[in-house]
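Ligands are counted one by one from 1 in listed order, and the atoms in each one are counted from 1 as well.
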Amino acid sequence: MNAAQYLDALSLELGGNILEQRPFPADWLKRSTSSLRRTGLFEEQALDQLDRSVEGRSWGEEVRRLVAMTADILVDCFANLEHGVPVVPTIAPLPTRDFNAWALKAPNGEPICVVDVQLFGTLVAIASCVAECVFAGSESHAGNRQSAFTVLLQALLMFAGEDYHEEELRRTFPDIAHDPMRTFAAGQLAQGGLVFILAHEFSHHALGHTDAPLVVSLEYRDRQADTVTYNRQQLDEFAADALGLRAFLAYARQTMQDGSRRLFSQGEIAPLLFCQFLAVYEDLRAKLTPVSVDAPTHPAARDRLAVLGGIFEQLAHANAKVAYNGVREMFEHFGGFARDALN
Ligand SMILES: [Zn+2]
């Protein structure tokens with residue numbers, strides 16, 4: 001059974017591809033294209049094309065389009081780092097109940113990356129909040145910091161499987177996503193987060209970690225499907241982070257565009273945002289679900305941040321290092337906000 005057949009079978013076991021049943025929201029799309037238009041960084045023709053290309057698509061199609069574009073460039077970056085990914089992995093969004101992704105092999109040995117269905121949407125929310133609080137300077141936009149933290153908290157609750165208020169999320173989100181340059185920056189950051197997550201999983205394939213298999217269960221509502229991933233040794237995770245961050249930085253440099261140079265160089269903070277959010281999530285997870293049967297699948301986010309931070313200090317663009325100071329401070333405050341809100 002090849003990768004595509006295997007993923008179709010898993011999807012069916014889980015009740016069909018959830019993302020195919022959900023249309024890509026037209027209002028989000030309109031807002032983001034109008035933001036891009038107002039930045040003045042894009043040709044009208046390219047924007048029209050973007051409008052048309054996403055019209056009538058499902059979430060699944062849009063996520064697949066994004067990751068396919070990314071995967072090819074990323075595989076080239078690995079080759080330049082002298083750690084080849086033998087074949088471009090097949091990437092599929094599935095419900096994993098994990099704010100993360102998985103590297104596995106199809107029965108015929110083809111490499112696969114599974115990303116959680118809610119992962120990209122959550123990255124968009126995180127990136128929008130960071131753009132609001134860090135790139136804008138929260139003091140000059142009274143009230144927006146509160147809105148940003150509310151959005152982050154709702155995203156966190158959604159991932160923890162807790163009650164969250166979708167209405168509140170929908171109402172609050174536009175408060176922080178109306179400035180065109182910040183919306184543009186947030187889009188780049190969210191995509192950067194996804195690129196790093198894929199780079200981490202590709203690293204497991206490149207480093208041969210998928211040869212020690214482990215059975216895990218995927219779940220969606222009352223359905224369940226077992227699949228086989230690799231044995232998540234903590235040292236393997238640090239190695240995948242280290243190689244993944246190098247590949248991500250190579251990708252960032254390769255795709256840097258004229259006109260967005262300043263924003264994109266700050267975009268190198270994306271992998272650290274993901275881990276900062278994860279660290280708050282882990283701190284609160286114990287509080288939200290005091291008795292957890294799940295074994296930890298990755299080392300603690302704070303330990304991962306120490307490894308990533310070291311490489312980032314050495315290799316990242318100076319603009320990104322300045323922006324990261326603001327990110328660290330923002331997540332410290334958000335941690336306090338979330339703890340208070342859940343008390
Ligand atoms: Zn991993």
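Because the distance cut-off is set at 2.8 Å, His209 fails to qualify as a neighbour of the Zn ion (ligand 1), as none of its N, O or S atoms comes that close. At a cut-off of 2.8 Å, Glu237 coordinates the Zn ion (ligand 1) through an N, O or S atom.
For the salt bridge (Lys or Arg N to Asp or Glu O under 4.0 Å) test, no residue two or more places apart in sequence or in another chain qualifies with Arg339.
In this structure, CG on Leu273 lies 9.0 Å from CG on Leu123, to the nearest 0.5 angstrom.
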Please tabulate, one pair per line, all N/O donor-acceptor pairs under 3.5 Å involving side-chain atoms of residues 77-94, not counting sequence neighbours.
none

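Side chains of His204 and Asp236: a donor-acceptor N/O pair is absent below 3.5 angstrom, by distance only.
No other N/O/S atom of His204 lies as close to the Zn ion (ligand 1) as NE2 does.
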